[in-house]
Each structure stands twice: as structure tokens, then as C-alpha cells.
Colleague: 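Provided herewith is a single structure, encoded as C-alpha cells, for subsequent inquiry.
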There are 2 protein chains.
Amino acid sequence: MLKRETDERGGTCLEEEMEGRLILALRKIALMGGMHDYISISSRELGEALGMSQQSASKRILELLGQGWIVRDLGARRQRIKLTDKGMEALRREYSEYQRVFETRDHVLVHGEVVTGMGEGQYYVNQEGYQEQFLSLLGFKPYEGTLNVRVLQTDVHKLALLQGVKGIRIKGFERNGRTFGDVLCHPADIQNIECAVVVPTRSHYEDIIEIICKYHLRRTLGLKDGDVVEVRIHID
Amino acid sequence: MLKRETDERGGTCLEEEMEGRLILALRKIALMGGMHDYISISSRELGEALGMSQQSASKRILELLGQGWIVRDLGARRQRIKLTDKGMEALRREYSEYQRVFETRDHVLVHGEVVTGMGEGQYYVNQEGYQEQFLSLLGFKPYEGTLNVRVLQTDVHKLALLQGVKGIRIKGFERNGRTFGDVLCHPADIQNIECAVVVPTRSHYEDIIEIICKYHLRRTLGLKDGDVVEVRIHID
DNA sequence: ATTACTAGTAGACGAGTAA
DNA sequence: TTTACTCGTCTACTAGTAA
């Protein structure tokens, strides 16, 4: 059974919900300029702005006063309302919740199992034409080998997110008549060790990702085939 | 009387409020990772996170589905939930409301009465040492005179806001043995005409502001002493 | 364990109205 | 005009329970 503030009859209106309704009114008042100043607004007008009756708006104002979120100068004709510091703080709390939602798309976490590749990645990474760019664009010269990770079934679809991300493009080149294509890298880390996920541009979708790092990751992290690692791929 | 969506019995739950409650649940789901991915969450857990019963959380989920804000993969044991594009859009709309609140401190409106100054501002403004800087830093060469405005009592405290603002600093200089101090300007407009409020750095608090503009404001706006003008002072 | 229906109820709502 | 009280309606809530 749920705890409510004072009692627990079967009724409605959790504290949180009630706060939600109040915040809505508070935000409207803020938008009308109540953050900077007293604004002159009747309960009728506030009600209209909030899509509710004058009576309900009046009640909301009383509730906001009760919370200490606004102060009021109840003149003879028209009331003037202003947010208090406490009210602004309450509003900012809400705002930061949304910030957390919208400004935390900075990484994707994928889990995968360490596997042994076929040495192809290693061959590519060691090409001199790539090496220089790794250093200048990623900030490190990769250890001569890649760590192959088979992304778990549950996380495979997360890789699709990388499609919509610019990443860091390593230019291809030609050498001894063979063409080496562009390579897209995504900065990442495994247990806070800086690395990068390498995606050959022209490759169809795979569940195996190749990771380059300035250290020998298998040795540094003591990994063996079948171990599951968490890779944090940075985007943006 | 207020319009509601379907009917207008005396009851509760405006559309807007209902949306507010839904948005709260939607945000929680988003914070739990439902923006990027399906997350596995029972109605019991969601209820706990939202401070409500399992039953209510279950209902919320059905409502969110009804709005097309989430999609659900109702497995045998646990449901998996993800936000739809429509859901993210709804959430972003909310977010932008808060952004408007917190990121719209870009101007202050002050009202004041046009008065005749003592020509001191005019003397300062016309100094060559200032004129060049006005042009390069404000983008216009002021008309040789200032408009003096006595800020109304009700708006005087708004001027205090300018204290916390950088503004545009015009460097002082020395000429004929006399020192002209730094001058702080705040870009502004009066009836959409670009101008700037001038505040001598070393001056105590006054209720009279001096305004420079490339036009002769009195003539252009047809102002005479005692007319009340609205000055929009830009900050940041 | 889940999800979600039914039933009963507390309280949020607007209408009417006083001050 | 205002603000805000009382009051009856209606609904969003939780408990109980089925599947």
C-alpha cells in the first residue's frame, strides 16, 4: 500500500500529482513575467490561460501561496503576483528534469562478449595511411590490434543509433593498387579507458564491433573470450 | 463556461491537466532510458517511481498508448516500453516551455517619462573619443543628443537588473587634461527603433536614463516632455 | 510473479453566490 | 468589477481480484 502525506483513505491526489498541477500554474505565471516582477493578473485571466475556471484558478493561487512559491499583493481591484525564490527553485527543479532527459544523449551503452576476430581489423588498423589520422583525429595511436566484441542480442539495435551520428571520419587511401575505404570511428570507453569503435564505411550491419585503443585491452583489462564488457560509445 | 473536449458535465480533468499527468509519467519513462530504447519496466515499478499504485500506473500506460506516445512490447512476463517519436515530441514541447521560462531573460521593459536633460549627456556623447567606439561597438553613430527618460516609480527597481549584466563597455580617454571615464551601454529599442541606454560607470543610482540613437528620437517618434515611452533594454 | 478489470470513495472540479 | 466561499457532481484514485 502506498504512503501518502497525512492519511491514507482511498482517495485521490498524491502529493506528487498535486505538485504537478501547481507547477503547471507556476510555469504559466512565470511565462507571463512573474519571474522578474509582480504581474497584474486576475484569477479569471489565469484561469483562462490555464484552461480552467476562475474558481479553480483562485484556488491554485491560494495553493501556490500556501507552498510559498508566490507572493501576492492583493490590491483593492487587481492582485499582483510574483514568484518567490522558492517558487523559482521549484520550477528550476522541473526544468532540470527535462534537461536530464534531453541533454543526456551523449552516449550509448552496449554490452558484448569478447571474441577473437579474424585479424582483418588488425590488418586495416596497421595501415600507415590510417595510423596518422588516428593520432590526429582521435588523439591516440592505436595498439596494433583490435578488440572484437559481439554485441549482445538485447543491445544490437542500439548500434542503429550510430547511423544518425556523424562520428569521426578517417579518410581512405590507395596503396599498392589496393583501395582502403573511409573508416568511421566513434569515441568510446571501456571501464573508463579511452578507446574508439571502428566501423568500416562500406560494410553491412553486423553484431560485431571492433575497438581500437592505445593499450592492449585484453591484457590491460584481463579479458578473455566470452567475457562480457560494457562499451560506452560517445555520440555528438 | 469552459469548453471541454467531449462534454461539459461539471466534472474534473481538463484535457490540459490530463496531459500534465501523462507527461509526468512519460518523462519518468524517458528518464529511465525509454527514449533510446525499449526498457523493461513493470507497472508496479513505474507506479513506485511515480509515487502511485500499480493499478494507476497500469492505467497511465494504457493512456500513454492511447495517445500514441509510447509503444509496448507486452511479453509473457514483463512488458517493454519505448517512447514513440510523437511521445518525444510531446516531451520536447514541455521542455521548450521551460526553456522559454529560463532562457528568456533577454530583455527588461521599463516605462518612463520623457524629460529634458541638462545637456550633460549631449556633451559627453559628442566627444570624438566616444563616437568611434559607438559606431564599432553598437553599430551606429548616435545623433548628437540624448533622450532623457525618467523611469516610472513602479519600474525603477528593474534597473537594478542591469547591474548583473555585462553590457557594452565604451573605453574612457583623456583630452585637454580632462578625464572621460568608461561608459557602459545597454542595447535597447523604443518602438522597435534600435538605440542604447547609456550609464556612466561612475554614477550613483538614478531614475533617469539617457538614450542614444542614430535618429533624433524626439522628432522621429514625435515625443514631447511628459510622454511615456516603453524602453526594451536587451541583456545578455 | 505479471496486467488490468470492477467497485467504492475522496477530492478536484465548476456553478452559484457573498463580500 | 474583483476574490473566494459553499456545495453537488464527477472522476481519478486505490483495494480487491481475475486471468
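Quick note on labels: first sequence line is chain A, next is B, and so on, each numbered from 1.
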Colleague: Between C1' on C:dA15 and CE on A:Met52, what's the gap in Å once rounded to a whole number?
Modeller: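 Checked: the CE to C1' distance equals 16 Å.
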
Colleague: What is the distance from CZ of A:Arg80 to C1' of D:dT3, rounded to the nearest Å?
Modeller: 17 Å

Colleague: Report the nucleotide, chosen from D:dT3, C:dT3, C:dC13, that has the shortest atom-to-atom distance to any side-chain atom of A:Gln79.
Modeller: D:dT3

Colleague: Report yes if a side-chain nitrogen or oxygen of B:Ser53 is closer than 4.0 Å to either non-bridging phosphate oxygen (OP1 or OP2) of D:dC13; otherwise report no.
Modeller: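 No, no such contact exists.
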
Colleague: Would you kindly give the CZ-to-C1' distance between A:Arg78 and D:dT3, to the nearest whole Å?
Modeller: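 It is 12 Å, rounded to the nearest whole Å.
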
Colleague: Whole-Å distance between D:dA15 C1' and B:Lys59 NZ?
Modeller: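 Whole-Å distance recorded here is 13 Å.
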
Colleague: Give a yes/no on whether any side-chain N or O of B:Gln55 is located under 4.0 angstrom from OP1 or OP2 of D:dA15.
Modeller: no

Colleague: Can you check the A:Glu45 CD to D:dA4 C1' distance for me, whole Å?
Modeller: 17 Å

Colleague: What is the distance, rounded to the nearest whole Å, between atom CG of A:Leu50 and atom P of C:dC13?
Modeller: 11 Å

Colleague: Find the distance B:Glu19:CD to D:dA12:C1' and express it as a whole number of Å.
Modeller: 17 Å

Colleague: Between A:Arg150 and A:Asp225, is there a side-chain N and carboxylate O pair less than 4.0 Å apart?
Modeller: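 A:Asp225 and A:Arg150: not salt-bridged.
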
Colleague: For the pair B:Glu89 and B:Lys86, find out whether any cationic side-chain nitrogen is under 4.0 Å from an anionic carboxylate oxygen.
Modeller: no

Colleague: Does A:Arg72 place a side-chain N or O at less than 4.0 Å from the phosphate oxygens OP1/OP2 of D:dT3?
Modeller: no

Colleague: Quick check for you: to the nearest 0.5 Å, what is the distance between B:Met32 atom CE and B:Leu46 atom CG?
Modeller: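 If we round to the nearest 0.5 Å, B:Met32:CE and B:Leu46:CG are 6.5 Å apart.
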
Colleague: How many Å lie between CD1 on B:Ile61 and C1' on C:dC5, as a whole number?
Modeller: 15 Å

Colleague: Would one find a side-chain N or O of B:Arg60 under 4.0 angstrom from OP1 or OP2 of D:dC13?
Modeller: yes

Colleague: Between C:dC13, D:dT3, D:dA12, spot the one nearest the side chain of A:Leu74, thanks.
Modeller: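 From the listed options, D:dT3 comes nearest.
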
Colleague: Using a 4.0 Å heavy-atom cut-off across all strands, classify A:Ser58 as base, sugar-phosphate, or nothing.
Modeller: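 A:Ser58: base contact, heavy atoms under 4.0 Å.
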
Colleague: How about A:Tyr215: does its OH atom have over 12 heavy atoms from other parts shown lying under 6.0 Å from it?
Modeller: no

Colleague: Report which part of the nucleic acid B:Leu62 touches: base, sugar-phosphate, or nothing (heavy-atom distance under 4.0 Å, all strands).
Modeller: sugar-phosphate

Colleague: For A:Tyr95 and B:Phe102, take the angle between the two ring planes, folded into 0 to 90°, and tell me which bin it lands in: parallel under 30, tilted 30 to 60, perpendicular over 60.
Modeller: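 Judged by the thresholds at 30° and 60°, the geometry between A:Tyr95 and B:Phe102 is parallel.
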
